[in-house]
Amino acid sequence: DAYEWLGNVSVRFWMRKSNIDDKLIVLLLDPFTKKTKVLKSDFDGWQSPVVKPGSGIGPADEYLDWGIDPLTTIIFQRQGANTAYSPDKKLAFFPHKDGYDVLYDLEKSEELARINIPKWGELPKWSTTGEYLSIIASLPNTSQDSLKKDLYLLSHDGKSLKRLTYLSEQFDRVSIKQSAWSPDGTKIAFWVNTNVPVTEEHEIPYELAVVDVTTGNITNYCIPYYTYFDSRREIMPVVMEQVWSPDSRQLVVTSRTPAK
């Protein structure tokens, strides 16, 4: 159904035994040795990506933005689709139906921590070193419609959740999209918009930014990328993911300018 790289030596697949089987298997493949391993995905209290269903993906719906597209991915409502596994495959981070996130030790089969993040946060990403997990979130008691987003870092033991960026204190509206850790674990590249339109049928300009994980300093490279609103939601026309060079010194990104 879908796949993604997990670290540099394995690929994660979401699979089903048949088209009529609702149970999702999360399979780990080492493409070099061809060995496979089934990862745990049936966590107690796991929150489905669909929080509140409506008649379609639109204003009546509420769903988790953990990197799974509800319009194009048939696994969207299946377990394991919105679980972030650490690069060493020892930890799992997943949303709980009671409104908090869980950091889970896969080797000991026990919870390490329960993390209170408004609306479970968005797009959790493990650093390539496994030291931190980044997640996009709003401050507590912030309206979901205010679009005041920032990047936060959760330590691998779950004992520390710290705020990395303070963009929402400098701008009235902040939207952050796809992010990517540098291979050396010192930087995060992300797309950011600080003037999100609130009306439909508008193009939304994002710019490429990189934050230093140690200092919190942000560099905006003013490389544009545009999404747009249709009558139901914000649309991302092409792949937004940033690709780092192995030495963490260069980035390859998709840039798009509005059609004239």
Side-chain angles (χ1 to χ4, degrees), residues 1-51 53 63-115 117 120-136 153-159 178-181 183 185 239 241 243-244:
D1 283 340
Y3 70 92
E4 70 172 359
W5 279 93
L6 190 61
N8 294 323
V9 295
S10 56
V11 183
R12 176 173 66 159
F13 288 86
W14 294 281
M15 304 177 65
R16 293 178 298 167
K17 293 181 179 179
S18 69
N19 290 333
I20 60 174
D21 187 0
D22 283 342
K23 185 176 181 181
L24 186 74
I25 297 174
V26 182
L27 190 68
L28 194 67
L29 168 69
D30 185 326
F32 306 103
T33 65
K34 298 183 180 180
K35 292 182 178 180
T36 60
K37 175 183 178 181
V38 176
L39 294 176
K40 178 179 174 61
S41 61
D42 55 341
F43 300 102
D44 292 337
W46 174 88
Q47 170 63 50
S48 165
V50 179
V51 180
Y63 59 94
L64 291 175
D65 186 3
W66 278 39
I68 305 298
D69 188 340
L71 288 184
T72 60
T73 309
I74 61 175
I75 63 167
F76 185 68
Q77 300 186 48
R78 309 293 202 272
Q79 279 187 286
N82 60 339
T83 301
Y85 298 92
S86 62
D88 60 8
K89 302 88 180 173
K90 295 180 180 180
L91 301 173
F93 184 78
F94 67 91
H96 195 279
K97 64 182 180 181
D98 289 338
Y100 53 83
D101 294 320
V102 175
L103 183 64
Y104 190 89
D105 189 317
L106 293 169
E107 292 187 320
K108 298 180 179 179
S109 298
E110 63 180 22
E111 288 186 11
L112 287 180
R114 293 181 177 182
I115 315 299
I117 300 176
W120 297 282
E122 300 175 7
L123 300 173
K125 293 283 186 72
W126 282 97
S127 65
T128 49
T129 61
E131 184 179 2
Y132 291 107
L133 178 139
S134 63
I135 191 163
I136 302 166
L153 295 180
L154 176 66
S155 60
H156 72 281
D157 57 7
K159 295 181 179 180
Q178 185 66 259
S179 64
W181 281 85
V239 177
E241 187 171 359
V243 179
W244 285 91

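Side chains are part of it too, since the values below use all heavy atoms of this structure and drop only hydrogens, waters and symmetry mates.
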Point to revise | Minimum heavy-atom distance between Trp126 and Ser86, given as atom pair plus value | key: NE1-N, 3.4 Å
Revision key, fill the gap. Heavy-atom nearest pair, Leu133 first then Pro124, reads CD2-CB, 3.8 Å
Exercise for review: For side chain to side chain contact (heavy atoms under 4.5 Å, CB included), just list the numbers for Leu112 and Leu91, CA-CA rounded to whole Å, side-chain angles, deciding distance to a tenth of an Å, and then say yes or no.
Suggested key: CA-CA 9 Å; Leu112 287 180; Leu91 301 173; 3.5 Å; yes
Could you tell me whether a side-chain N or O of [X] sits under 3.5 Å from a main-chain N or O of [Y], the two making a donor and an acceptor?
X	Y	result
Lys89	Pro87	yes
Trp46	Ser41	no
Ser134	Lys125	yes

Between atom [atom1] of [X] and atom [atom2] of [Y], what is the distance when rounded to the nearest 0.5 Å?
X	Y	atom1	atom2	value
Leu29	Thr36	CG	OG1	7.0 Å
Thr83	Gln47	OG1	CD	11.5 Å
Lys159	Leu154	NZ	CG	12.5 Å
His156	Asp88	NE2	CG	9.0 Å
Lys35	Asp30	NZ	CG	8.0 Å
Ile115	Ile135	CD1	CD1	9.5 Å

Review point. Between Trp181 and Tyr132, is a side chain to side chain contact (heavy atoms under 4.5 Å, CB included) present by the stated rule, with each step listed?
Key: CA-CA 10 Å; Trp181 281 85; Tyr132 291 107; 3.9 Å; yes
Practice item. Compute the centroid of each ring, for Phe43 and then for Tyr104, and state whether the two points are separated by less than 6.0 Å. Key: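 Close enough - the centres of the two rings lie under 6.0 Å apart.
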Practice item. Mind checking salt bridge (Lys or Arg N to Asp or Glu O under 4.0 Å) for Glu111 and listing every partner two or more places apart, or none if nothing turns up? Key: Arg114
Exercise for review: Could you list the residues that satisfy salt bridge (Lys or Arg N to Asp or Glu O under 4.0 Å) with Lys40, not counting sequence neighbours?
Suggested key: Asp42
Check your understanding: Going by the angle between their ring planes, with limits at 30° and 60°, are Phe94 and His96 parallel, tilted or perpendicular?
Key -> tilted
Exercise for review: For the pair Leu28 and Tyr85, evaluate side chain to side chain contact (heavy atoms under 4.5 Å, CB included) and give the outcome as yes or no after the intermediate values.
Suggested key: CA-CA 11 Å; Leu28 194 67; Tyr85 298 92; over 6 Å; no
